[in-house]
> 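Take this structure, written in structure tokens, and hold onto it; I'll ask about it next.
Whatever order the structure lists ligands and atoms in, that order sets their numbers, starting from 1.
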Amino acid sequence: HSEYVACLTDPSQIGCHALSRKANTHKGSFGDVAIIGGTRGMAGAGVLAARAALFGGAGRIFLVQPDVELKLDMLHPEIMCRDAAQFEFNQQVVVIGPGLGQDQLAIDLLRAAIQHPYPVVIDADALNLLATKPGLAAQLKTRTAATLLTPHPLEAARLLAFSTEQVQQNRAMAAKELAQRFGSHIILKGAGSLLCDPQDRHYRINSSGNPGLASGGTGDVLAGLCGALLAQGMEVGEAAALACWAHGAAADALVAAGSGPIGLHASELLPVIRSLLNRR
Ligand code: B4P
Ligand code: MG
């Protein structure tokens with residue numbers, strides 16, 4: 001019998017301190033993130049997720065594209081662009097889905113990600129694939145490393161074979177059902193994103209954010225940020241909570257400065273999220 005635990009209102013509840021850095025560290029100390037997505041026509045989704053991992057503090061970031069559209073992110077050459085057909089999984093945290101597409105290569109990449117013994121964030125097209133491939137969904141439950149699913153209400157509806165209205169009418173029930181059915185941590189996105197844990201069945205509601213976030217690409221930023229926090233060693237529930245809070249709080253700060261809600265866009269969130277993560 002799960003109950004609502006707490007709103008997420010400020011980072012002291014969540015633990016930015018988990019990210020504080022010792023002097024004698026190097027890029028290997030802060031983890032690798034592989035963003036798998038950004039195929040032709042949807043390159044921006046992969047780029048935004050990769051940039052979010054960069055601004056979120058990951059040590060090294062790979063953008064792994066199923067159909068190489070970009071050799072380089074000219075604005076952020078720190079991001080290493082790789083061809084999915086030749087990519088080898090090592091010890092990276094994997095974020096799979098933004099702009100992934102749903103063809104056979106996408107299915108093969110999702111299967112590899114599910115079998116990867118390190119934390120995995122599953123978003124966007126990877127969620128849509130999970131909804132149509134019961135075999136892959138079953139494999140999720142066999143994972144030993146952390147798994148985080150980040151559906152918006154329509155993706156949640158597809159995963160549960162509900163309507164979007166049913167999800168929205170009882171968001172807590174939908175999030176808990178997803179957590180149990182897929183044995184994963186869940187962020188059910190939307191105004192008041194809901195966070196749910198597969199074990200203790202508690203859920204939390206994020207109180208930051210505003211309709212300025214209702215524009216293309218903001219979800220990709222959230223997914224990449226989750227990957228960066230996991231790569232820095234945060235526990236998955238805490239990483240999800242901090243990512244949701246910082247993502248929404250960045251939008252709130254932009255609105256307070258007159259940069260939204262109208263016209264606020266995903267790229268603008270990145271430096272503000274970075275400032276929030278560095279606030280002590
Ligand atoms: P897609 O076409 O799949 O959109 P996407 O590429 O996933 O966009 P993106 O990654 O940028 O945004 P995401 O929603 O992941 O699907 C969009 C379609 O799904 C819509 O046309 C709609 O049909 C359906 N849908 C999506 N959200 C819905 C909702 N809330 N209710 C009903 N239908 C919905 O991530 C967006 C981010 O912004 C999340 O972090 C979210 O929490 C935040 N956000 C968005 N609106 C917010 C608000 N009003 N207040 C606070 N946070 C908000
Ligand atoms: Mg999305």
Side-chain angles (χ1 to χ4, degrees), residues 7-9 35-39 41-53 56 95-102 106 121-132 148-160 162-172 174-175 178 185-196 203-227 229 239-256 260-270 272-273 276:
C7 286
L8 307 174
T9 48
I35 308 291
I36 304 180
T39 194
M42 295 182 286
V47 170
L48 283 166
R51 290 180 180 178
V95 177
I96 186 163
L100 179 67
Q102 297 190 42
V121 180
I122 302 182
D123 185 41
D125 274 337
L127 294 171
N128 296 328
L129 281 174
L130 269 188
T132 56
L148 173 61
L149 272 47
T150 59
H152 61 51
L154 179 59
E155 288 157 350
R158 289 183 185 127
L159 285 166
L160 292 168
F162 290 175
S163 67
T164 311
E165 292 70 31
Q166 284 172 311
V167 169
Q168 292 296 71
Q169 273 159 18
N170 197 341
R171 286 170 56 82
L178 285 167
H185 286 254
I186 304 295
I187 300 174
L188 175 56
K189 296 185 290 194
S193 289
L194 230 139
L195 290 90
C196 193
Y203 67 94
R204 294 189 279 181
I205 296 178
N206 184 40
S207 54
S208 66
N210 63 69
L213 288 171
S215 68
T218 58
D220 309 320
V221 167
L222 180 71
L225 179 59
C226 289
L229 301 183
L242 178 55
C244 281
W245 176 82
H247 183 260
D252 292 342
L254 286 162
V255 167
I262 298 163
L264 192 159
H265 52 279
S267 296
E268 294 178 296
L269 297 169
L270 301 172
V272 189
I273 289 170
L276 291 166

> With Asp125 as reference, evaluate Leu127, Asn128, Leu129 under the side-chain contact (heavy atoms from CB on, under 4.5 Å) test and give the passing residue.
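Answer after filtering Leu127, Asn128, Leu129: Asn128.
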
> Are any side-chain N or O atoms of His247 and backbone N or O atoms of Thr218, one a donor and one an acceptor, separated by less than 3.5 Å?
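Confirmed, His247 side chain pairs with Thr218 backbone.
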
> Write down the atom of Ser193, the atom of Cys244, and the distance for their closest heavy-atom approach.
CB-SG, 4.4 Å

> Can a side-chain donor-acceptor contact be found between Asp123 and Thr150 if the only test is distance below 3.5 angstrom?
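Yes, Asp123 and Thr150 have a side-chain donor paired with an acceptor closer than 3.5 Å.
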
> Among Glu165, Arg171, Gln166, exactly one meets side-chain contact (heavy atoms from CB on, under 4.5 Å) together with Pro153. Which residue is that?
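When Glu165, Arg171, Gln166 are each tested with Pro153, the side-chain contact (heavy atoms from CB on, under 4.5 Å) holds only for Arg171.
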
> Give every residue pair that meets the salt bridge (Lys or Arg N to Asp or Glu O under 4.0 Å) criterion with at least one member in residues 149-160, sequence neighbours excluded.
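Checked against salt bridge (Lys or Arg N to Asp or Glu O under 4.0 Å) - neighbours excluded - no pair reaches residues 149-160.
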
> Would you please write out the protein residues whose heavy atoms approach any atom of ligand 1 to under 4.0 angstrom, listed by chain and number?
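Correct list: His152, Pro153, Leu154, Glu155, Thr164, Gln168, Lys189, Gly190, Ala191, Ser193, Gly209, Asn210, Pro211, Leu213, Ala214, Ser215, Gly216, Gly217, Thr218, Gly219, Asp220, Leu222, His247.
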
